[in-house]
Amino acid sequence: MTELVTTPLTPAMLRGALHVEATADGLLPRRLPPHAIAQAHDDHLALMASQSAGVRLALRGAATVLELDVLATRTVQRGAVAGPAGRYDVLVDGRLVAQAAPSGGATVTVDPVTRAVAYASGTPGTVRFAGLPAREKDIEIWLPQTEVTHLRALRADAPVRPAPESGRRVWSHHGSSISHGVQIASPTQTWPAIAAARAGVELINLGFNGNALLDPFTARAIRAAAADLISVKVGINLVNTDLMRRRALTPAVHGFLDTVREGHPDTPLLVVSPIHSPLVEDAPGPTAPDPDAPVPRFRTFGDPADLATGRLSLRVIRDDLSRIVAERAATDPRLYYLDGRDLYGERDFADLPLPDLLHPDAGGHALIGERFARVAFAAGGPFAPR
């Protein structure tokens, strides 16, 4: 058996994280900087920002065997059965060649109603990949998108080093649990990962399950991060949480976009409204898991009559987002709007229903990712190369 040599893990090996923290358990990539997480004062947001959606190790070398020691923290919904351990996807020169999951791990339990989180300690594990092509190549190890991953050690049968910068455009995308990729088994099969692969861009996935809430600290994080393309998908979490009323929506959107534009005055900026979701198309939130449903499913506790008093539904939010972008685009020619129903609409729900009435399955993610790539990145689209 070939002896494996340890290669020090460094932040230079990581892509898709806005901050990398050295901890007693190893390197911890986060998708928001610490000061942003602190300003949220919310354990659920801190957890979501620490999950590794879109985060990957980017390596270069001739290794045919790789071992990665990790402490993986799996998220379990209170009262639900834990799902399988998260997958690690290995891409060689952009092509998926292997998947694996480690043993061991810690857990964090989330109350779906109160958003309270409770951590339980666990043991590190190892994920191993063998049979990689015996040549110099680019290797990416995508981390599980719904787990917190502490990277402890990297071993290989030949020297590996941080991959050089690809020279590809960087796409920063902010969204909800759908962009985060909850309920998807593989990190490269979330719709942003699919769209980024089709378009040949480097992804920064700032999709935060339950936390696409027009938070000022998220806007500031986007403002500060280097990006060639930016998209903001907003709406469903505002309804889920019943966070604000219509009077607050317009200034909140303007404030978010103003902040992003301070750091990216000329960057193509795409505002995306919610995909079709019959549960809250014409009813407000809040939404929560339905305890009476025979399968995991959400319900809304909002009354459609309350829309008249300023509560929000998806249709109301789309109308306002479309208006806001149209008004701003008069002086901001690189600001664009995309109706989320062009990615997944009512007809798509008939063919590929949302299993829990809120989140698309793997087929839905593939559809959304392919359509986004075609609409946004193709010739004439907002992200088309100049």
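Computation of the quantities below employed the complete heavy-atom set of this structure, encompassing side-chain atoms and omitting hydrogens, waters and symmetry-equivalent molecules. This is a predicted model, so every value here is computed, not measured. Numbering of residues begins at 1 and proceeds along the displayed sequence.
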Evaluation steps, side-chain hydrogen bond (donor to acceptor under 3.5 Å, both in side chains), between Asp89 and Gln189: CA-CA 10 Å; Asp89 287 357; Gln189 295 308 305; 5.5 Å; no
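- At a threshold of 4.5 Å between non-hydrogen side-chain atoms, the residues His180 and Asn205 do not count as touching.
- No salt bridge links Arg371 with Asp342; every basic N to acidic carboxylate O contact stays at or beyond 4.0 Å.
- Taking the centre of each ring, His173 and Trp191 come in below the 6.0 Å mark.
- Here the closest non-hydrogen pair linking Ser172 and Leu206 is OG-CD1, 3.8 Å.
- Taking 4.5 Å as the limit, some side-chain heavy atom of Leu279 sits within range of a side-chain heavy atom of Phe298.
- The distance between the ring centers of Trp171 and Phe372 falls below 6.0 angstrom.
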Give the intermediate values and the outcome of salt bridge (charged side-chain N to carboxylate O under 4.0 Å, His left out) for residues Asp320 and Arg315. CA-CA 9 Å; Asp320 283 0; Arg315 201 176 304 276; over 6 Å; no
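- No hydrogens or angles considered: nothing links the side chains of Asp111 and Gln77 as a donor-acceptor pair under 3.5 Å.
- Residues Ile184 and Leu47 do not share a hydrophobic cluster, defined by chaining ILVMFWY side chains whose heavy atoms lie under 4.5 Å apart.
- Here the CZ-CD distance, from Arg128 to Glu67, works out to 4.5 Å after rounding to the nearest 0.5 Å.
- Between the side chain of Gln39 and the backbone N or O of Phe217, no donor-acceptor pair lies under 3.5 Å.
- By the rule that hydrophobic residues join a cluster once side-chain heavy atoms approach within less than 4.5 Å of another member, Phe349 and Leu343 end up as members of one cluster.
- Listed for the Tyr344 side chain is a donor-acceptor partner under 3.5 Å among the backbone atoms of Leu352.
- Side-chain contact of Thr109 with Arg78: a donor-acceptor pair under 3.5 Å is absent, judged by distance alone.
- Contact record, Leu238 with Ile317: CB-CD1, 4.2 Å, taken as the closest heavy-atom pair.
- For an aromatic pair to be called close, the ring centres must be under 6.0 Å apart, and Trp142 with Tyr88 fails this.
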Show the numbers, then the answer: is there a side-chain hydrogen bond (donor to acceptor under 3.5 Å, both in side chains) between Ser50 and Arg30? CA-CA 5 Å; Ser50 299; Arg30 296 184 191 269; 2.5 Å; yes
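- The closest donor-acceptor contact from the side chain of Asp138 to the backbone of Arg60 lies at 3.5 Å or more, if one exists at all.
- Looking only at side-chain heavy atoms (C-beta outward), Arg297 and Pro289 stay at 4.5 Å or farther from each other.
- Between Arg386 and Asp228, no side-chain nitrogen of the basic residue sits less than 4.0 Å from a carboxylate oxygen of the acidic one, so the salt-bridge criterion is not met.
- Side-chain contact check for Asn211 and His44: at least one donor-acceptor pair (N or O, by modelled atom type) lies under 3.5 Å.
- Panel note: side chain Arg56, backbone Gly54; a donor-acceptor pair is recorded below 3.5 Å.
- Salt bridge annotation for Arg155-Asp69: present, with a cationic side-chain nitrogen under 4.0 angstrom from a carboxylate oxygen.
- Linking Ile, Leu, Val, Met, Phe, Trp and Tyr residues whenever their side-chain heavy atoms come within less than 4.5 Å leaves Val170 and Met13 in two separate clusters.
- The pair Arg311-Asp306 counts as a salt bridge, with a side-chain nitrogen and a carboxylate oxygen less than 4.0 angstrom apart.
- For the residue pair Gln51 and Thr75, a side-chain donor N or O sits within less than 3.5 Å of a side-chain acceptor on the partner.
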Go through the steps for Thr250 and Arg323 under the test side-chain hydrogen bond (donor to acceptor under 3.5 Å, both in side chains), then give the verdict. CA-CA 9 Å; Thr250 290; Arg323 172 185 53 80; 2.7 Å; yes
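- Counting only N and O atoms by type, the side chains of Ser176 and Asn237 include no donor and acceptor under 3.5 Å apart.
- Inspection of the Ser313 and Asp282 side chains reveals no N or O donor paired with an N or O acceptor under 3.5 Å.
- The two residues Ala283 and Pro304 have their closest heavy-atom pair at CB-CG, 4.0 Å.
- The backbone N or O of Ala193 lies less than 3.5 Å from no partner atom in the side chain of Arg198, so there is not a single donor-acceptor pair.
- With hydrogens and angles disregarded, no donor-acceptor distance shorter than 3.5 Å links the side chain of Asp215 to the backbone of Thr218.
- Closest heavy-atom contact between Val70 and Pro102: CG2-CG, 4.0 Å.
- His174 and Ser179 form no side-chain donor-acceptor contact under 3.5 Å, judged by distance and modelled atom types alone.
- Between the side chains of Arg31 and His19, no donor-acceptor pair of N or O atoms lies under 3.5 Å.
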Applying side-chain hydrogen bond (donor to acceptor under 3.5 Å, both in side chains), run through Ser273 and Tyr337 and close with a yes or a no. CA-CA 8 Å; Ser273 67; Tyr337 174 74; 3.0 Å; yes
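- Ion pair Arg318/Glu281 flagged as a salt bridge, since at least one NZ, NE, NH1 or NH2 atom sits closer than 4.0 Å to an Asp/Glu carboxylate oxygen.
- Relative to the six-membered ring of Phe377, Arg374 misses at least one condition, a distance below 6.0 Å or an angle of at most 45° to the axis.
- Note that CG of Leu154 is 7.0 Å distant from CG of Leu57, once rounded to the nearest 0.5 Å.
- Salt-bridge formation is not detected for the pair Asp266/Arg334: no Lys NZ or Arg NE/NH1/NH2 atom is positioned less than 4.0 Å from an Asp or Glu carboxylate oxygen.
- Glu147 and Ser52 share no donor-acceptor pair across their side chains, judged by distance under 3.5 Å alone.
- Judged by distance alone, with hydrogens and angles left aside, the side-chain atoms of Lys233 form no donor-acceptor pair with the main-chain N or O of Ala212 at under 3.5 Å.
- Around CZ of Arg247, the count of heavy atoms belonging to other residues, nucleotides or ligands within 6.0 Å does not exceed 12.
- Proximity of a side-chain donor or acceptor of Arg261 to a complementary backbone N or O of His264 within less than 3.5 Å is detected.
- At a threshold of 4.0 Å, the pair Arg95-Asp93 does not count as salt-bridged, since none of the basic side-chain nitrogens sits closer than that to a carboxylate oxygen.
- Closest approach of Ala63 to Asp157, counting heavy atoms only: CA-OD1, 3.2 Å.
- Salt bridge status for Glu202 with Arg169: absent, with no side-chain N to carboxylate O gap under 4.0 Å.
- Here the closest heavy-atom approach between residue Leu71 and residue Pro124 is recorded as CD1-N, 3.9 Å.
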